[in-house]
Number of protein chains: 2
Amino acid sequence: MRGRDVSVPLYQAKAEMFRTLGHPVRIRVLELLQGGPRPVRDLLAEIDVEASNLSQQLAVLRRAGIVTSFRDGALVMYALSTPDVADLLAAGRRILGAVLTDRDGLLVELRSQAKS
Amino acid sequence: MRGRDVSVPLYQAKAEMFRTLGHPVRIRVLELLQGGPRPVRDLLAEIDVEASNLSQQLAVLRRAGIVTSFRDGALVMYALSTPDVADLLAAGRRILGAVLTDRDGLLVELRSQAKS
DNA sequence: TGCGGAGTTGCAGAAATCTTCAAGTGCCTT
DNA sequence: AAGGCACTTGAAGATTTCTGCAACTCCGCA
């Protein structure tokens with residue numbers, strides 16, 4: 001009775017959550033932010049994508065409430081809005097491992113970097 | 001050197017994984033399958049979607065390697081390919097909780113069903 | 001005040017997803 | 001072998017998401 005659209009079913013909200021993570025650039029951003037807040041310019045330096053594109057992807061994450069941003073002088077900083085995100089990425093990694101087992105070279109890469 | 005396309009970066013595989021979960025019907029299927037293997041007809045009875053549409057979504061999950069299927073007489077059964085999927089859904093639930101806090105009624109619904 | 005660096009926003013064309021319809025396969029029952 | 005239930009597949013139009021360009025805002029500095 002309080003918020004916006006009470007009729008949005010829970011499973012749809014969940015789907016939107018996952019869909020938000022379903023983009024390479026957005027995944028990379030989240031992985032980088034796991035190490036703490038970072039300015040856009042840093043992300044830009046590591047991700048190889050156009051500035052406007054990165055901004056669009058950051059906006060998607062912001063709208064979903066997964067990251068927050070604030071200005072620090074001339075720079076704009078981004079940070080995870082909750083550390084729980086790390087769990088999600090970790091769980092994703094585990095499934096990927098299970099699924100890719102003996103199904104091409106990614107597995108090797110996966111094992112060799114407990115991070116990323 | 002073995003599998004299909006070694007050049008597919010890991011973070012892209014991750015993004016695809018999450019994107020696969022980014023659909024309401026697919027989320028529901030996975031939630032239902034957490035209780036064990038089920039025939040399509042059961043899923044169909046609980047999900048309110050056309051048979052052909054459900055089939056398409058099941059195919060997406062199958063291609064991603066998240067579920068497996070096998071025939072049992074006249075029925076086709078589906079099952080999670082790995083129990084790790086439950087962790088992923090649980091992690092998603094946690095983030096949703098964190099993100100939605102004091103941001104509309106879904107929170108209430110979320111708390112009241114540790115399942116789903 | 002005028003510049004340049006740092007990001008964001010609006011858009012439009014391109015690409016990927018969804019949804020549904022029609023047709024097809026498999027298996028069981030009679 | 002005929003019929004019917006249980007699903008899957010193929011295709012096409014509708015919708016959503018991506019990407020890159022151009023224009024714009026905000027801040028710090030000369």
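Chain letters run A, B, ... following the sequence lines, proteins first, then strands; residues in each count from 1.
B:Tyr78 has a side-chain polar atom (N or O) that falls below the 4.0 Å cut-off from OP1 or OP2 of D:dT8. Between B:His23 and the phosphate of C:dT19, there is a side-chain N or O to OP1/OP2 separation shorter than 4.0 Å. For B:Arg63, no side-chain nitrogen or oxygen approaches OP1 or OP2 of D:dT8 to under 4.0 Å. Distances shorter than 4.0 Å separate some side-chain N or O of A:Gln57 from OP1 or OP2 on D:dT19.
Ion pairing of A:Glu31 with A:Arg26 is absent here, as no side-chain N (NZ or NE/NH1/NH2) approaches a carboxylate O to less than 4.0 Å.
Side-chain atoms of A:Ser52 and base atoms of D:dC21 include a donor and an acceptor less than 3.5 Å apart. Taking only distance into account, the side chain of A:Glu50 never meets the base of C:dG7 through a donor-acceptor pair shorter than 3.5 Å.
Between A:Ile95 and B:Asp87, the closest side-chain pair of non-hydrogen atoms is not below 4.5 Å. Residues B:Leu96 and A:Leu10 are in side-chain contact: their nearest non-hydrogen atoms beyond the backbone lie under 4.5 Å apart.
Distance CG (A:Leu75) to P (D:dC29): 11 Å, rounded to an integer number of Å.
If you check D:dT8, C:dT19, C:dA16 against the side chain of B:Asn53, the one that comes closest is C:dT19.
Distance check: B:Ile66 CD1 to B:Tyr78 OH gives 13.5 Å after rounding to the nearest 0.5 Å.
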